[in-house]
S.K.: 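Let me begin by handing over the structure; questions about it come next.
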Amino acid sequence: MSCFEILKSSSDTLARRGRLTTRRGTVETPVFMPVGTRATVKAMSPAEMEELGAEIILGNTYHLLLKPGLDIMAKAGGLHKFSNWKRSILTDSGGFQVFSLSKLRKITPDGVKFASHIDGSRFFLGPVESMNTQRVLDSDIVMAFDECTPYPCTCEAAAKSLALTHRWERMSFEQELNPGQLRFGIVQGAMYKDLRIHSARELAAIDFDGYSIGGLSVGEPEELMFDMLDATTPEMPWAKPRYLMGVGTPKQIVEAVARGVDMFDCVMPTRLGRHGSAFVGKDTIPVKAGRYAEDFTPIDENCSCYACRNFTKAYIRHLFNVGEILGVRLVTWHNIHYFLTLMRRIRAAIENDTFAELRREFQ
RNA sequence: GGCGGGAUUCCCGAGCGGCCAAAGGGGGAAGACUGUAAAUCUUCUGUCUCCGACUUCGAUGGUUCGAAUCCAUCUCCCGCCA
């Protein structure tokens with residue numbers, strides 16, 4: 001039984017309106033998945049995330065493995081019970097941490113030896129460990145363990161890394177999971193179209209439930225990222241969900257949807273929210289800036305989120321100015337609302353076949 | 001009325017003869033952030049014709065090659081005593 005259904009395709013782009021079904025319910029796509037690395041979407045409660053309409057959030061294998069650790073996660077009965085999140089969860093494999101914490105690693109054919117960024121203690125994470133951890137976390141979508149190449153990256157290094165990633169993905173596929181857990185493979189290949197195409201085809205031959213595109217938005221020019229997507233998505237199975245990992249800005253999301261991507265995640269709304277920047281239109285505004293000290297209008301007049309319905313920029317700016325936690329919460333709230341609303345608009349536009357129009361708005 | 005202490009660049013506050021346009025905070029400005037080591041980080045914050053010059057450290061005058069730093073007077077503050 002397929003977990004993914006395409007409800008409608010755009011007539012003039014590769015955009016698809018779909019529905020992903022996990023053990024915990026359905027996820028309307030294209031979807032944005034807020035990031036909850038350490039078993040919480042920073043600054044937000046599960047009830048608030050539900051109210052915002054989030055159908056699926058992320059968790060992170062690496063971080064949860066370090067704290068609270070596998071024993072506690074097992075005793076807790078998995079990530080859902082532990083954090084009281086009842087809808088779907090996708091867990092990242094820890095592969096990205098191999099990349100982002102690269103100073104502390106040693107790569108072997110079976111995984112990566114890390115020094116914990118918290119206390120320096122050593123541990124090992126590879127496809128076997130990552131799959132086992134995600135089985136214990138009992139997430140609904142499990143990501144294969146991969147290596148994310150940096151930018152720039154030589155062709156030789158990228159090809160070598162890709163071979164290792166493919167080995168790890170095959171190993172990831174072979175590990176046992178809990179019944180109903182979905183498993184996604186990850187296309188890599190740095191900024192080389194031929195490697196990307198090769199990777200997409202290689203993985204398509206493995207019966208993953210979905211496929212993601214990793215290793216993008218790592219510092220490359222935006223156009224290069226779009227070029228990579230142009231080359232990659234046509235090689236990915238049409239009938240299965242496609243997930244662009246770690247992306248991105250509203251424009252990048254719209255452009256990726258146009259190229260046939262169904263799922264996204266990014267720390268942008270939550271991190272920028274904590275840092276005092278709010279999404280408005282196709283830009284962000286620095287709500288915490290002094291220029292708003294006497295601006296008694298909402299972040300966005302046209303926004304229906306809790307923050308915009310009830311508070312002014314002057315007030316939120318004041319909260320940031322004095323370090324009150326509510327400021328962080330309100331802008332995070334607004335930003336998540338912004339991203340989820342953007343996705344609702346994208347879905348509606350594909351349904352009405354007016355996606356091209358919406359796309360123009362973000363050019 | 002007497003005796004002490006003090007006045008520093010937007011604010012607080014270091015400095016106590018040259019290395020001072022003057023530490024450090026705050027405030028302000030600009031920017032970064034993309035599968036989260038991030039409620040974080042970076043830069044700037046006297047003026048200008050800006051690799052150099054000019055004007056600043058309560059006011060005025062003085063000592064000195066040279067003063068925010070020493071002396072005198074004055075003006076305001078803050079303690080204590082009558």
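Sequence lines set the chain letters: A, B, ... in the order given, protein chains first and strands last, and positions in each chain run from 1.
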S.K.: So which nucleotide does B:C57 pair with, by the Watson-Crick or G-U wobble rule with both distances under 3.5 Å?
M.R.: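 B:C57 is unpaired by these criteria.
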
S.K.: Which residue lies toward the 5' end of RNA chain B, A:F320 or A:A144, if each is placed at its nearest nucleotide?
M.R.: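 Of the two residues, A:A144 wins.
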
S.K.: Taking A:R19 first and then A:E55, would you say they form a salt bridge - that is, a charged N and a carboxylate O separated by under 4.0 Å?
M.R.: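 A salt bridge is absent here (no side-chain N lies under 4.0 Å from a carboxylate O).
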
S.K.: Judged by modelled atom types alone, do A:Q188 and A:E147 share a side-chain donor-acceptor pair under 3.5 Å?
M.R.: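 There is no such pair (donor and acceptor under 3.5 Å, judged by atom type) between the side chains of A:Q188 and A:E147.
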
S.K.: Strictly by Watson-Crick or wobble contacts shorter than 3.5 Å, is anything paired with B:G18, and which nucleotide is it?
M.R.: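 Pairing partner: B:C65.
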
S.K.: Over how many whole Å does the gap from A:F339 atom CZ to B:U36 atom P extend?
M.R.: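 Answer to the nearest Å: 15 Å.
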
S.K.: So, OP1 or OP2 of B:U34: does either fall under 4.0 Å of a side-chain N or O from A:S217?
M.R.: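 No, because none of the side-chain N or O atoms of A:S217 sits under 4.0 Å from OP1 or OP2 of B:U34.
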
S.K.: Look at the side chain of A:V328 and decide which nucleotide, out of B:G35, B:A39, B:A37, has an atom nearest to it.
M.R.: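 Nearest to the side chain of A:V328 among the choices is B:A39.
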
S.K.: When we call it a touch if two heavy atoms are under 4.0 Å apart, what does A:G248 touch: a base, just sugar-phosphate, or nothing?
M.R.: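 Since a base atom lies under 4.0 Å of A:G248, the category is base.
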
S.K.: Work out how far the P atom of B:G61 is from that of B:C16, and round it to whole angstrom.
M.R.: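 Pairwise P distance, B:G61 against B:C16, rounds to 27 Å.
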
S.K.: Does a salt bridge link A:D353 with A:R17, judged by any charged N lying under 4.0 Å from a carboxylate O?
M.R.: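 No, this pair does not count.
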
S.K.: Stacking here means centres under 5.5 Å and planes under 30°; does A:H63 stack on B:U36?
M.R.: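 Here the ring of A:H63 and the base of B:U36 are not stacked, as the 5.5 Å and 30° limits are not both satisfied.
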
S.K.: Could you check whether A:L58 gets within reach of a base, just the sugar-phosphate, or nothing at all, counting any heavy atom under 4.0 Å?
M.R.: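 Sugar-phosphate contact only - A:L58 comes under 4.0 Å of backbone atoms but never of a base.
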
S.K.: In whole angstroms, how far is the P atom of B:A38 from the CG atom of A:N60?
M.R.: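 Result: 11 Å.
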
S.K.: Any donor-acceptor pair under 3.5 Å between the side chain of A:T270 and the base of B:U36?
M.R.: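 Under the 3.5 Å cut-off, the side chain and the base do form a donor-acceptor pair.
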
S.K.: Examine A:R16 relative to A:W238 and say whether NZ or CZ is less than 6.0 Å from the centre of the six-membered ring and inside a 45° cone about the ring axis.
M.R.: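 Yes, A:R16 lies over the aromatic ring of A:W238.
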
S.K.: Side chain of A:L101: nearest nucleotide among B:A37, B:A38, B:G35?
M.R.: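 Side chain of A:L101 sits closest to B:A37.
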
S.K.: Rounding to a whole Å, what distance do you find between A:R271:CZ and B:U34:P?
M.R.: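 Roughly 5 Å, once rounded to whole Å.
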
S.K.: Look at the side chain of A:K288 and the base of B:U40, then say whether one donor and one acceptor between them are separated by less than 3.5 Å.
M.R.: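 Between B:U40 and A:K288, which were checked side chain against base, a qualifying N/O pair under 3.5 Å is present.
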
S.K.: Does A:R170 come within less than 4.0 Å of A:E174, counting only side-chain N to carboxylate O?
M.R.: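 No, this pair does not count.
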
S.K.: If I pick the P atom on B:C77 and the same atom on B:G66, what distance separates them, to the nearest angstrom?
M.R.: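 Roughly 35 Å separates the two P atoms.
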
S.K.: Taking the basic N atoms (NZ, or NE/NH1/NH2) and the acidic carboxylate oxygens, is any pair closer than 4.0 Å for A:R23 and A:D138?
M.R.: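 Result for this pair is yes, salt bridge flagged.
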
S.K.: If the threshold is 4.0 Å, N to carboxylate O, is there a salt bridge linking A:E235 and A:R201?
M.R.: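 Salt bridge between A:E235 and A:R201, a charged N being under 4.0 Å from a carboxylate O: yes.
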
S.K.: Looking for any heavy atom pair under 4.0 Å, which part of the strands does A:G215 touch: base, sugar-phosphate only, or nothing?
M.R.: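 Base: the residue A:G215, judged by heavy atoms under 4.0 Å, touches a nucleobase.
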
S.K.: Which of these nucleotides, B:U34, B:A38, B:G35, is closest to any side-chain atom of A:V35?
M.R.: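 Nearest to the side-chain atoms of A:V35, counting from C-beta on, is B:G35.
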
S.K.: Across the strands shown, which category fits A:R291 at heavy-atom distances under 4.0 angstrom: base, sugar-phosphate, nothing?
M.R.: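 Contact class for A:R291: sugar-phosphate only.
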
S.K.: Categorize A:T332 for me: base, sugar-phosphate, or nothing, with a 4.0 angstrom heavy-atom threshold over every strand shown.
M.R.: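 Answer is nothing: A:T332 stays at 4.0 Å or more from every strand.
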
S.K.: Counting the benzene-type ring for Trp, do A:Y62 and A:F123 have ring centres under 6.0 Å apart?
M.R.: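 Judged by ring-centre distance (under 6.0 Å), A:Y62 and A:F123 do meet the cut-off.
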
S.K.: Which distance, rounded to the nearest 0.5 Å, do you find between the CZ of A:R359 and the CD of A:E255?
M.R.: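 So the CZ of A:R359 and the CD of A:E255 are separated by 4.0 Å.
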
S.K.: Counting the atoms with a prime plus P, OP1 and OP2 as sugar-phosphate, which does A:Q188 contact under 4.0 Å by heavy atoms, base, sugar-phosphate, or nothing?
M.R.: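 Base, at least one base heavy atom under 4.0 Å.
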
S.K.: Using whole Å, report how far CG of A:N335 lies from P of B:U36.
M.R.: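 In whole Å, B:U36 P and A:N335 CG are 18 Å from each other.
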
S.K.: Return the nearest nucleotide to the side chain of A:N321; candidates are B:G27, B:U36, B:A38.
M.R.: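 Taking heavy atoms from C-beta onward, the closest nucleotide is B:G27.
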
S.K.: Could you measure between the two P atoms, the one in B:G18 and the one in B:A23, and give it in whole Å?
M.R.: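 One P to the other, the span is 16 Å.
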
S.K.: Spell out yes or no: do the side chain of A:Q97 and the base of B:U36 have one donor N/O and one acceptor N/O closer than 3.5 Å?
M.R.: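 When only heavy-atom distances are counted, A:Q97 does not reach the base of B:U36 through any donor-acceptor pair under 3.5 Å.
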
S.K.: Just to be sure I understand the rule, does A:D146 reach a base, reach only the sugar-phosphate, or reach nothing, if contact means heavy atoms closer than 4.0 Å?
M.R.: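 Touches a base.
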
S.K.: Could you work out the separation of B:U69 and B:G6 based on their C1' atoms and round it to a whole Å?
M.R.: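 Nearest-Å result for B:U69 against B:G6 at atom C1': 15 Å.
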
S.K.: Which value, in whole Å, describes the distance between the P atoms of nucleotides B:U45 and B:C10?
M.R.: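 Rounded to whole Å, the distance is 15 Å.
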
S.K.: Between A:G290 and A:S277, which residue's closest nucleotide on RNA chain B lies nearer the 5′ terminus?
M.R.: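 Taking each residue's closest nucleotide, the earlier one in sequence belongs to A:G290.
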
S.K.: Distances under 3.5 Å between protein N/O atoms and the N/O atoms of nucleotides 10-12 of chain B, please, pair by pair.
M.R.:
none

S.K.: With a 3.5 Å limit on both atom pairs, tell me what B:C76 is paired to, counting Watson-Crick and G-U wobble, or say none.
M.R.: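 B:G6 is the nucleotide pairing with B:C76.
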
S.K.: Rounded to whole angstrom units, what separation is found between the CD atom of A:E220 and the C1' atom of B:G35?
M.R.: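 That distance rounds to 13 Å.
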
S.K.: Just name whichever nucleotide pairs with B:G52, Watson-Crick or G-U, keeping both distances under 3.5 Å, else none.
M.R.: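 Paired with B:G52, as far as the under-3.5 Å criterion goes, is B:C48.
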
S.K.: Consider ring-ring contact (aromatic ring centres under 6.0 Å, His included). Of A:F296, A:Y292, A:Y306, which one does A:F311 pass it with?
M.R.: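 Exactly one option meets the ring-ring contact (aromatic ring centres under 6.0 Å, His included) with A:F311, and it is A:Y306.
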
S.K.: Could you tell me the separation between the CG atom of A:D92 and the P atom of B:A37, rounded to a whole number of Å?
M.R.: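 Rounding to the nearest Å, CG of A:D92 and P of B:A37 are 10 Å apart.
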
S.K.: Nearest whole Å is fine: how far is B:U34 P from A:L224 CG?
M.R.: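 Result: 17 Å.
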
S.K.: Mind checking the P distance from B:A7 to B:C71? Whole angstroms is fine.
M.R.: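 One P to the other, the span is 14 Å.
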
S.K.: For A:D283 and B:C33, what is the distance between atoms CG and P respectively, to the nearest whole Å?
M.R.: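 About 14 Å, once rounded to whole Å.
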
